[in-house]
Amino acid sequence: MSNAPAEEIAAEEIDLTEANEIIDKYLTLPGNLMPVLQGIQDAYGFVPKPTIDLVAERLNVYPSQIYGVLTFYAQFHLKPRGKFIIRVCVGTACHVQGAERITETFFGRLGIGHAETTEDLRYTFEKVACLGACGMAPLAMVNDDTYGKMTVQKVDEIIETYNARPMK
């Protein structure tokens with residue numbers, strides 16, 4: 001993956017081979033739009049525009065129908081996302097325990113805000129309403145790893161840990 005900003009990568013030429021294979025897999029299945037879009041997102045990390053045009057053509061649906069699905073469900077993303085998705089809970093228990101300070105520290109360290117991705121595509125940051133572990137407040141997650149009783153110092157440790165991990 002290049003170090004180009006996320007917006008440029010989204011505009012780069014996309015190899016549609018994998019998207020065609022996913023469509024082939026579900027082509028004759030009734031109600032195939034959702035599994036096709038989920039497969040494309042799993043393969044590419046987001047749903048690139050050229051794949052939307054391809055899906056529309058091959059499944060014989062309007063692109064506007066596809067955009068309707070993609071923008072309705074929070075699971076779909078139209079822009080490239082980071083390899084590491086950092087989520088900080090800002091629910092009541094986490095808010096009371098200092099989630100805003102944790103969030104601001106991540107913003108400062110990563111140079112991105114809510115729902116943004118670093119230019120190198122290493123991190124995407126999201127504030128979420130509740131992660132369902134109020135007893136561990138304030139709480140953060142990086143992909144599937146959970147970090148409870150967060151502190152500003154733990155923010156630096158987490159970033160160091162994931163900076164040391166390879167991008168591939």
Side-chain angles (χ1 to χ4, degrees), residues 1-10 14 18-19 22 25-26 31-49 51-52 66-168:
M1 175 103 15
S2 74
N3 288 329
E7 308 302 329
E8 290 178 24
I9 290 171
I14 301 288
E18 205 163 356
I22 293 163
K25 182 177 173 184
Y26 295 102
N32 54 8
L33 183 57
M34 284 295 282
V36 165
L37 294 176
Q38 289 167 333
I40 288 172
Q41 176 148 300
D42 287 346
Y44 295 89
F46 70 110
V47 183
K49 183 177 181 331
T51 65
I52 295 169
I66 297 171
Y67 278 106
V69 170
L70 294 173
T71 57
F72 181 80
Y73 294 102
Q75 68 176 294
F76 293 115
H77 305 284
L78 294 167
K79 292 181 178 177
R81 293 170 44 94
K83 176 178 176 70
F84 304 110
I85 310 297
I86 299 172
R87 294 180 178 94
V88 173
C89 180
V90 294
T92 303
C94 289
H95 174 76
V96 169
Q97 295 293 324
E100 192 61 33
R101 193 172 57 249
I102 302 301
T103 298
E104 292 299 324
T105 304
F106 271 115
F107 287 173
R109 301 294 194 271
L110 299 175
I112 58 173
H114 170 67
E116 293 181 349
T117 300
T118 56
E119 287 189 8
D120 64 359
L121 297 177
R122 180 171 290 273
Y123 298 104
T124 293
F125 185 90
E126 298 174 341
K127 295 193 296 187
V128 295
C130 184
L131 290 170
C134 299
M136 299 171 65
L139 184 73
M141 290 185 73
V142 181
N143 296 347
D144 293 328
D145 299 330
T146 303
Y147 299 91
K149 306 289 182 196
M150 281 294 300
T151 62
V152 169
Q153 292 74 27
K154 283 186 179 180
V155 169
D156 291 330
E157 292 170 19
I158 289 170
I159 291 172
E160 284 178 30
T161 297
Y162 290 92
N163 277 345
R165 295 190 180 178
M167 283 294 285
K168 297 275 176 179

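Numbers for residues simply follow the sequence, beginning at 1. On a predicted model such as this, the values are computed, not experimentally measured, just so you know.
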Inset, instruction - For Asp42 and Ile22, run side chain to side chain contact (heavy atoms under 4.5 Å, CB included): C-alpha distance rounded to whole Å, both residues' side-chain angles, the deciding distance at 0.1 Å, then the answer. - result: CA-CA 10 Å; Asp42 287 346; Ile22 293 163; over 6 Å; no
Legend entry - Short side-chain to backbone donor-acceptor contact, Lys154 and Lys149, under 3.5 Å: yes
Inset, instruction - Answer yes or no: is there a donor N or O on one side and an acceptor on the other, between the side chain of Thr71 and the main chain of Tyr67, under 3.5 Å? - result: yes
Inset, instruction - For the pair Tyr26 (side chain) and Met34 (backbone), establish whether a donor and an acceptor sit closer than 3.5 Å, ignoring hydrogens and angles. - result: no
Legend entry - Heavy-atom closest contact (Thr51 atom, Ile40 atom, distance): OG1-CG2, 3.7 Å
Legend entry - Test log, rule side chain to side chain contact (heavy atoms under 4.5 Å, CB included), inputs Ile159 and Phe106: CA-CA 9 Å; Ile159 291 172; Phe106 271 115; 4.1 Å; yes
Inset, instruction - May I ask you to decide if the ring planes of Tyr123 and Phe84 are parallel, tilted or perpendicular, using 30° and 60° as cut-offs? - result: tilted
Inset, instruction - Using modelled atom types only, decide if a donor and an acceptor are shared between the side chain of Thr117 and the backbone of Arg81 within a distance under 3.5 Å. - result: no
Inset, instruction - Would you give the length of the straight line joining atom CG of Leu110 to atom CD of Glu116, rounded to the nearest 0.5 angstrom? - result: 10.5 Å
Inset, instruction - To the nearest 0.5 Å, tell me how far Leu33 CG sits from Gln38 CD. - result: 9.5 Å
Inset, instruction - Considering non-hydrogen atoms only, spot the tightest contact between His77 and Phe46 and give its length. - result: O-CB, 3.3 Å
Legend entry - Rounded distance (nearest 0.5 Å) linking atom CD of Gln75 with atom CG of Leu37: 9.0 Å
Inset, instruction - State the CG-CD distance between Leu78 and Gln41, to the nearest 0.5 angstrom. - result: 8.5 Å
Legend entry - Interatomic spacing from OG1 in Thr105 to CE in Met150 - rounded to 0.5 Å: 8.5 Å
Inset, instruction - Give, for atom OG1 of Thr103 and atom CZ of Phe125, the distance between the pair rounded to the nearest 0.5 Å. - result: 4.5 Å
Inset, instruction - Of all the heavy-atom pairs spanning Ile102 and Val152, show the shortest one and how long it is. - result: CD1-N, 3.8 Å
I'd like a table of donor-acceptor pairs (distance under 3.5 Å, sequence neighbours excluded) in which one partner is a side-chain atom from residues 129-148, with atom names and distances.
unit_1, atom_1, unit_2, atom_2, d
Asn143, OD1, Ile85, N, 2.8
Asn143, ND2, Lys83, O, 3.2
Asp145, OD2, Tyr162, OH, 2.5
Tyr147, OH, Tyr162, OH, 2.8

